Amino acid sequence: TGGRKDNMPTIVSGKLRTDGVLAAKVPVDMRSKIDVLDAQRAFFEYITRQFSGIETRGSMKHEFIEQRSYPFTMTCTAASSPGTTVAVDHPEYARRDQLIYNTRTGEFYLMNEDVGGTGTAGSITVVNQVNGTGNFVKATAAGDILLILTEAHAEGEAIPPAFSVKPTHLFTYLYQHDRVRENTDIQRNSDEYGENQLLIDRKLFWIEVMRQLSMMLYVGVQTREVSSASGARRHSMQGLKNWIVTNKIDYSSVAGVLTLASVGELMRRTKNHSASSDTKVGICGQNSWAAISAMDAAAIRTTVNATEWGKVLKSLITPYGNLAIGYDNQLSAENGMADIFVILDPAYIKRLQLKGEPTRLLLNVLASNDIHNQTDVITGTDGLRVSLEELHAWGYGIK
């Protein structure tokens, strides 16, 4: 033994038991191949790359333009007694001489100002559509949906003022990320039992970064700041949660588990526009996957959905079309994400990277004066563009 100062033997009195055997002589009961707890790819990071690949950009700021149609609905924000003003959320949508239809009361109004909200802020000014003057007849209520219909032109009247919809300019940031792993030359060249530890470490090194990146793709908040690094730009990317605004639904107050009807309603919200793809992709968290698994067998196709997205999805038959679904085990209670369920339109999800800077693993990055240490680096740039956010949905609070 290395600590002995002499060659005198150790005396064992009485019976020889297992605890008296030299430890180095006891064989170690272990497998020749070490089990890796998290050996699979990160689901969301993987599936978003399958939609349309990764687009290379020439700047850390990616800008794009979206064009939306002229809106033709408004919502009453408060009750309005019979009169000539109706409180609405977007009075600027309505223009002179347009016919406005209250879907609850069944009454028409005639717009009586060039641009809604001009006469009274937060309201449209109207007249009785039947008489062409005076008050409307039935009181409105908060939440009433008003349809903005065509202009009713008077004979010989001048054409009404023009209006159009301005394109929406959007941008997102890519961000750079690094992670380093090191070992010594002695560790690399030492004999080991079973599978080489360096190979295991490198595999886990990549898996761990992909898991972190996958979560960034869900919840990242984009920034470009120059304070934390004393003047140098630091970027962070925008995740799916912060791209979706229109169809962000809180299920925390809904009694019971997620139902097929609830899934169908969320899907319906993503298919209100003609740009919508026929097939949507649903990513399930722990709670929604448990609820869907308990649904009637007729609603779920147990055969794997053979698509270009890697054959990892099944099909859920909803009232508003079939939904390709998959379970992401990162959306779990342990990660605080079990309540999430998202619906994506794969045609409008785009992964981004900077030209010449894809996310990759660089092996044996050694300093010229360091021959004893081996350094591996995962480095690269990533970003996420979600176009036409109305075509996607983010459900949360699912029990």
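Remember, it's a predicted structure, so these values are computed and weren't measured experimentally.
- Ser277 places no side-chain N or O within 3.5 Å of a backbone atom of Lys280 that could act as its donor or acceptor partner.
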**Prompt:** Passes side chain to side chain contact (heavy atoms under 4.5 Å, CB included), Leu344 versus Leu240? Steps please.
**Reply:** CA-CA 9 Å; Leu344 308 177; Leu240 180 68; 3.5 Å; yes

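- In this structure, Trp394 and Ile249 have side chains that are not in contact, with every pair of non-hydrogen atoms separated by 4.5 Å or more.
- In terms of heavy-atom proximity, Ile343 sits nearest to Val263 at CD1-O, 4.4 Å.
- Interatomic distance, CD of Gln286 versus CD1 of Ile398, reported as 12.0 Å (0.5 Å rounding).
- Between the CZ atom in Arg96 and the CG atom in Leu110 there is a gap of 9.0 Å [rounded to 0.5 Å].
- Remark: the backbone N or O of Ile378 is not paired with any side-chain donor or acceptor of Thr359 at under 3.5 angstrom.
- One finds the CG atom of Asp328 at 10.0 Å from the CD1 atom of Ile47 (value rounded to the nearest 0.5 Å).
- The minimum heavy-atom distance linking Ala141 with Arg104 is given by the pair N-NH2, 3.6 Å.
- When the shell of 6.0 Å around CG of Asn364 is examined, it contains more than 12 heavy atoms from other residues, nucleotides or ligands.
- Distance OH/Tyr327 to OG/Ser288: 9.0 Å, rounded to 0.5 Å.
- The closest side-chain heavy-atom distance from Pro82 to Val137 is not below 4.5 Å.
- With contacts defined as side-chain heavy-atom distances shorter than 4.5 Å, the pair Cys76/Thr140 qualifies.
- Interatomic distance, Lys350 NZ to Ile54 CD1, rounded to the nearest 0.5 Å: 9.5 Å.
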**Prompt:** Stepwise, does the salt bridge (Lys or Arg N to Asp or Glu O under 4.0 Å) test hold for Glu45 with Arg351?
**Reply:** CA-CA 9 Å; Glu45 192 281 329; Arg351 290 283 300 279; 3.2 Å; yes

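- The backbone N or O of Val219 sits less than 3.5 Å from a side-chain atom of Asn242, completing a donor-acceptor pair.
- Side chain of Tyr348 to main chain of Ala275: a donor-acceptor pair is present (N/O by atom type, distance under 3.5 Å, no hydrogens or angles).
- Hydrophobic clustering (side-chain heavy atoms under 4.5 Å, transitive across Ile, Leu, Val, Met, Phe, Trp, Tyr) groups Phe341 together with Val254.
- Residues Trp289 and Met267 fall within the same hydrophobic cluster, defined by Ile, Leu, Val, Met, Phe, Trp and Tyr side chains chained together at heavy-atom separations under 4.5 Å.
- Annotation for Phe64: atom CZ counts as buried by contact number, over 12 foreign heavy atoms lying within 6.0 Å.
- Linking ILVMFWY residues whenever their side-chain heavy atoms come closer than 4.5 Å, directly or via other members, places Trp206 and Leu217 in the same cluster.
- Side-chain atoms of Asp376 do not come within 3.5 Å of backbone N or O of Val180 as any donor-acceptor pair.
- Put simply, the side chain of Gln98 never gets that close to the backbone of Met111: no donor and acceptor are under 3.5 Å apart.
- In this structure the side chain of Asn335 never reaches within 4.5 angstrom of the side chain of Tyr218, judged on heavy atoms.
- Using a 4.5 Å cut-off on side-chain heavy atoms (C-beta onward), Ile283 and Phe43 make contact.
- Just one residue in the list Thr105, Asn102, Val126 forms a side chain to side chain contact (heavy atoms under 4.5 Å, CB included) with Leu146, and that residue is Asn102.
- Heavy atoms of other residues, nucleotides or ligands lying less than 6.0 angstrom from OH of Tyr396 number more than 12.
- No donor-acceptor pair closer than 3.5 Å links the side chain of Lys241 to the backbone N or O of Val221.
- Residues Phe136 and Ser81 share a closest heavy-atom pair of CZ-O, 3.2 Å.
- For Lys138 against Glu107, the heavy-atom pair with the smallest separation is N-OE1, 2.8 Å.
- Using a 30° and 60° split on the angle between ring planes, His90 and Tyr93 fall in the parallel class, below 30°.
- A side-chain donor-acceptor contact under 3.5 Å links Thr381 to the backbone of Glu357.
- Classification of the Phe108-Tyr101 ring pair by plane angle, with boundaries at 30° and 60°, yields tilted.
- Residue Leu174 is not grouped with residue Met215 when hydrophobic side chains (ILVMFWY) are merged at heavy-atom distances under 4.5 angstrom, including chains of intermediate members.
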**Prompt:** Step by step, would you call Arg179 with Gln212 a side chain to side chain contact (heavy atoms under 4.5 Å, CB included)?
**Reply:** CA-CA 11 Å; Arg179 182 172 164 182; Gln212 293 171 317; 4.1 Å; yes

**Request:** Give the intermediate values and the outcome of side chain to side chain contact (heavy atoms under 4.5 Å, CB included) for residues Arg234 and Thr223.
**Result:** CA-CA 8 Å; Arg234 189 189 306 277; Thr223 58; over 6 Å; no

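- Under the 4.5 Å side-chain heavy-atom criterion for grouping Ile, Leu, Val, Met, Phe, Trp and Tyr, Phe205 is connected to Met216 within one hydrophobic cluster.
- Residue Leu199 qualifies as enclosed at atom CG: its count of foreign heavy atoms under 6.0 Å is above 12.
- For the pair Arg95 and Phe163, the cation sits on the ring face: its NZ or CZ lies under 6.0 Å from the ring centre, inside 45° of the axis.
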**Request:** Decide salt bridge (Lys or Arg N to Asp or Glu O under 4.0 Å) for Glu208 and Arg211; before the verdict, give the C-alpha distance in whole Å, the side-chain angles of both, and the deciding distance to 0.1 Å.
**Result:** CA-CA 5 Å; Glu208 288 162 2; Arg211 292 170 66 202; over 6 Å; no

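- No donor-acceptor contact under 3.5 angstrom links the side chains of Gln176 and His235, judged on distance only.
- Not one N or O on the side chain of Lys399 forms a donor-acceptor pair closer than 3.5 Å with the backbone of Asn287.
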**Request:** For the pair Ser276 and Asp345, evaluate side chain to side chain contact (heavy atoms under 4.5 Å, CB included) and give the outcome as yes or no after the intermediate values.
**Result:** CA-CA 7 Å; Ser276 174; Asp345 192 315; 3.9 Å; yes

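- Counting heavy atoms from C-beta on, the side chains of Glu157 and Asp97 come closer than 4.5 Å.
- Contact of the Tyr109 side chain with the Gln129 side chain is not registered, since no non-hydrogen atoms from C-beta on lie closer than 4.5 Å.
- Here the closest non-hydrogen pair linking Ile325 and Cys284 is CB-SG, 4.4 Å.
- More than 12 heavy atoms of other residues, nucleotides or ligands sit less than 6.0 Å from atom CG of Leu363.
- Put simply, OG1 on Thr318 and CD on Glu265 are 10.5 Å apart, with the number rounded to the nearest 0.5 Å.
- Screening Glu389, Arg269, His392 for a side chain to side chain donor-acceptor pair (under 3.5 Å) involving Thr246 leaves a single residue, Glu389.
- A pairwise comparison of heavy atoms in Gln238 and Thr172 identifies CB-OG1, 3.7 Å as the closest pair.
- Residues Phe171 and Gln222 form a side-chain contact, since some pair of their non-hydrogen atoms from C-beta on lies under 4.5 Å apart.
- No side-chain donor-acceptor contact under 3.5 Å links Thr77 to the backbone of Asp89.
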